[in-house]
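Only heavy atoms go into these numbers, but all of them, side chains included; no hydrogens, no water, no symmetry mates. Just so it is clear, the model here is predicted, and its values are computed rather than measured.
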Amino acid sequence: MGTKRTASPALEALIDKSIELAKERGYNPAVFIGMRRQYGTVDAIERLVQSGDLQSGFKRLNQLDLLDWTIESAVTKFSAEFSRNARQCAEWRLQQVQRNRKSSE
């Protein structure tokens with residue numbers, strides 16, 4: 001198959017910090033860490049964000065008030081590094097959370 005796409009140092013740093021913050025709050029994103037090791041940061045994120053399921057990591061980080069540290073947020077912040085489809089999927093998930101927050105207020 002193709003070669004791993006290399007993430008920018010800034011994206012790598014954001015993801016490293018995201019994992020660190022999650023662990024500090026008691027959540028270890030082991031599946032993502034394994035996928036990142038296997039596929040590289042960009043491809044792991046692309047795979048997860050484009051999955052039809054709402055990922056448990058996304059839900060957990062949202063519960064921990066770390067929405068800005070989700071891989072979906074990373075996709076929107078570093079949009080040039082991701083496919084159009086990944087950007088659309090990430091934006092949709094983030095919009096759903098915002099909609100749910102507004103409806104529960």
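- Between the CG atom in Asn62 and the CG atom in Leu94 there is a gap of 9.0 Å [rounded to 0.5 Å].
- Shown here are the side chain to side chain donor-acceptor pair (under 3.5 Å) partners of Thr6, two or more places apart in sequence or in another chain: there are none.
- Between Glu20 and Lys23, none of the side-chain N atoms (NZ, or NE/NH1/NH2) sits under 4.0 Å from a carboxylate O, so this pair counts as no salt bridge.
- Glu91 and Gln95 are not linked by any side-chain donor-acceptor pair at a separation below 3.5 angstrom, with hydrogens and angles left out of the test.
- Residues forming a salt bridge (charged side-chain N to carboxylate O under 4.0 Å, His left out) with Asp68 (at least two apart in sequence, or on another chain): none.
- The closest side-chain heavy-atom distance from Gln88 to Asn85 is below 4.5 Å.
- A distance of 10.0 Å separates OH of Tyr27 from CD of Gln63, quoted to the nearest 0.5 Å.
- For the pair Phe58/Val49, no side-chain contact is recorded, criterion being any heavy-atom separation below 4.5 Å from C-beta on.
- Atom CD1 of residue Ile33 and atom CZ of residue Arg36 lie 8.0 Å apart, to the nearest 0.5 angstrom.
- Here the closest non-hydrogen pair linking Tyr39 and Ala44 is CB-N, 4.0 Å.
- Ser8 and Glu81 are linked by a side-chain donor-acceptor pair at a separation below 3.5 angstrom, with hydrogens and angles left out of the test.
- Using a 4.5 Å heavy-atom cutoff, the side chains of Arg60 and Pro29 are not in contact.
- Salt bridge annotation for Lys77-Glu72: absent, with no cationic side-chain nitrogen under 4.0 angstrom from a carboxylate oxygen.
- Within the 4.5 Å cutoff, side-chain heavy atoms of Leu14 are placed close to those of Phe78.
- Residue Asp16 holds its CG atom at 7.5 Å from OG1 of Thr41, rounded to the nearest 0.5 Å.
- Heavy atoms only, all atoms of each residue included: Leu21 and Trp69 are closest at CD1-CE2, 3.4 Å.
- At a cut-off of 3.5 Å, with distance as the only test, a side-chain donor of Thr70 or Ser73 sits close to an acceptor on the other residue.
- A distance of 8.5 Å separates OG of Ser18 from CD1 of Ile71, quoted to the nearest 0.5 Å.
- Summarising the geometry, atom CZ belonging to Arg93 is positioned 15.0 Å from atom CD belonging to Gln98; distances are rounded to the nearest 0.5 Å.
- You'll find the side chain of Leu11 reaches within 4.5 Å of the side chain of Val42, heavy atoms only.
- At least one side-chain heavy atom of Val75 sits under 4.5 Å from a side-chain heavy atom of Ile45.
- A side-chain donor-acceptor contact under 3.5 Å links Arg25 to the backbone of Leu64.
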